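Reviewing the structure listed below.
In this chain, numbering begins with 1 at the start of the sequence shown. Note that the coordinates shown come from a computational prediction; the quantities given were computed from them, not determined experimentally.
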Amino acid sequence: MENSTSGERRAVHSALAQVLVDQPERRAWHLGEATLEPDENVAGLLEQAARITLRRGDAVGGMRTLVRAADLTPPGPDRSRRLAKAAYIGAESIGALPSARRLLDDARHTATEPRGSLHSAAAAAVLILNGDSEVDTAHTLLVDAIETGAHGYDAENKELVDVLHTLALVCFFGARHDLWQPYYQALEKLTPSVPSVLSVLGKTFSDPAHTAAAASEELDGLIAELADRADPVQIQRTGSAALYVDRIGDVREAQWRLVRMGREGGPARRYLAGLIHLCLDDYLTGMWDEASVLAAEGIRLCDTHGYTAFTWYFLYAQALLAAARGEADQADATAEGIIHWGTRRKAFAAVHYAHHAAAVAALGRGDFADAYEHANAISPAGRLASHVPHALWVTMDMVEAAVRTNRQTEAVAHVRAMREAGVDRISSRHALLTEASAALSAAGDDEALELFARALEVPGAERWTFDFARVQLAYGARLRRVRATTESRGPLGAALSAFQHLGAQPWTERAETELRAAGGRKRGPGTPKAHTLTPQELEIARLAASGLTNKQVAERLFLSHRTVGAHLYQIYPKLGITSRAMLRDSLGL
């Protein structure tokens, strides 16, 4: 074929097309190569072939086939539509943003209708998200295309389903009640019925604290379908629907399929989604080393393909891991960068994620006032803000910070909001956090201990490694406070082992402190006089010797600062010292 003329090559392609009747993709491709002038019949066959190629997961091939179909389309609306669809695939699927911009410009130049196609709007919205404009700009563009187009509200119209999914993503980024209203209104108009994935996203991805539990059966159906589905679009969208109801574990293998496909050159946007979903689930389930690797991989992928709008997911994961591991300065710096980026673009979901990481960092260093401010910035104490999905991830953080800063009224109000919303019905993790939050805010010890025990007995709760260990730590600390020191050692020891495994240094130190105070761990070498101290006195002495104030020691050990002062008053004579400055030498530190 190398020495043949172009005419001879076209003749061969034409001949091959005649014998490949039962292979529509190959037949269409050969017809496309054999055709020089615009031909709507050939262009239509190429578009059908592109659909098959896309369902198979070959987004690059699908985009290429659509571009060829557009080249062979006579001037008119179909040419513009095919170019717009190719642009949409380039922007939303394969990460070819420069090519998508060029195709979108071509589609606009050839459009016979001023508003263009739905795919044109969706492609433009993705490009806007990854540019410097605000989320509201992309939102307005999409809503205008949906509400003023001549497409109607046919649920079988894949183009409409695609643009509604893009709208859901934009609404999620904005994290505001008003942004979601046009989405809900469009779903109400769809006929004959709303596609399950759009219906579930409207409940679990928008305002999960209030509506996620109602989507359980629909989501079960979507997840069941993935076993037999290779379509990466469906896998991605189901993963998004499963995220805030803690069901990524049920679709992990499908998400790994997206990642493996991406590593082999598959669609970058699907690859990115798989990484996001796995990364967040890894954090929740204690696979922190893998989460760290996937987050770094995601940042590299975003840089390579220009997906700047999605980098914050992975930066958040890095900040969250740093916060939990005690690298508070790194976590705070990363969170501050995300907040700056998200605020400028009105991408408040990113801002909320960043405040979560900063809250965890503050909890780790014992700055409960700062932790409260960050949690409150996501959703005010006493309510789960409408259409702020990440409010679910800081419920116990909010309550713990409120209790530790003497905001008992706010803590109780937040637990009430959790109960009224029924968040315990969303997943075992949220049932764990709800009961634990109620225990933290309980005024009486008996009620608190009963609630902690109930939290730790939630079926499947142990899957959420870090959260479960935090509840064990709080339970053990409460037991120790009521002098049930022997009983406290079990949960405290289990929490310590979990924190050590995770590398959660601040919480490891806290668990060690509690366990030593309960007499559950041998004391380190000290001066001969140190053995005269009780376990609690020794721990108070160690913390005071480290430079902490009485108030800070009290916060660590769940005591009042007056109790700490009284203990120190008794400790000094036992150690034969007369001042706080002499503690370090006396303890052999």
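Applying the side-chain contact (heavy atoms from CB on, under 4.5 Å) rule to Asp220 yields the partners Ser216, Arg247; only residues at least two apart in sequence or on another chain are considered. Scanning for side-chain contact (heavy atoms from CB on, under 4.5 Å) contacts around Ala209 gives Leu384, Leu392, Val423, with sequence neighbours left out. Residues passing the side-chain contact (heavy atoms from CB on, under 4.5 Å) test with Asp178 are Arg176, sequence neighbours excluded. Arg365 pairs by the side-chain contact (heavy atoms from CB on, under 4.5 Å) definition with Ala328, Asp332, Ala361, Ala362, Asp367, Asp370, not counting sequence neighbours.
Side-chain contact check for Tyr183 and Ser206: no donor-acceptor pair (N or O, by modelled atom type) lies under 3.5 Å. Using modelled atom types and a 3.5 Å distance limit, the side chains of Tyr271 and His305 yield no donor-acceptor pair. No side-chain donor-acceptor contact under 3.5 Å links Thr434 and Asp424.
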Let me have the donor-acceptor pairs involving side chains of residues 286-293, under 3.5 Å, with sequence neighbours excluded, atom names and distances please.
{"residue": "Trp288", "atom": "NE1", "partner": "Tyr283", "partner atom": "O", "Å": "2.9"}
{"residue": "Asp289", "atom": "OD1", "partner": "Arg325", "partner atom": "NH2", "Å": "3.0"}
{"residue": "Glu290", "atom": "OE2", "partner": "Arg252", "partner atom": "NH2", "Å": "3.1"}

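Panel note: side chain Ser441, backbone Val412; no donor-acceptor pair is recorded below 3.5 Å. Checked by atom type and distance alone, the side chain of Ser546 pairs as donor or acceptor with a backbone atom of Leu543 at under 3.5 Å.
Judged by a 6.0 Å distance limit and a 45° cone about the ring axis, Arg470 is not positioned over the six-membered ring of Trp464.
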Q: Start with the C-alpha distance between Thr405 and Arg407, add both sets of side-chain angles, then the distance that settles side chain to side chain donor-acceptor pair (under 3.5 Å), and finish with yes or no.
A: CA-CA 6 Å; Thr405 54; Arg407 292 180 171 93; 2.8 Å; yes
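Between Phe205 and Phe172, the ring planes are parallel. Angles under 30° get that label, and only those over 60° would be called perpendicular.
Pairs of residues two or more places apart, or lying in two chains, that qualify as ring pair (Phe, Tyr, Trp, His ring centres under 6.0 Å) and include a residue from residues 419-460 are Phe452-Tyr475.
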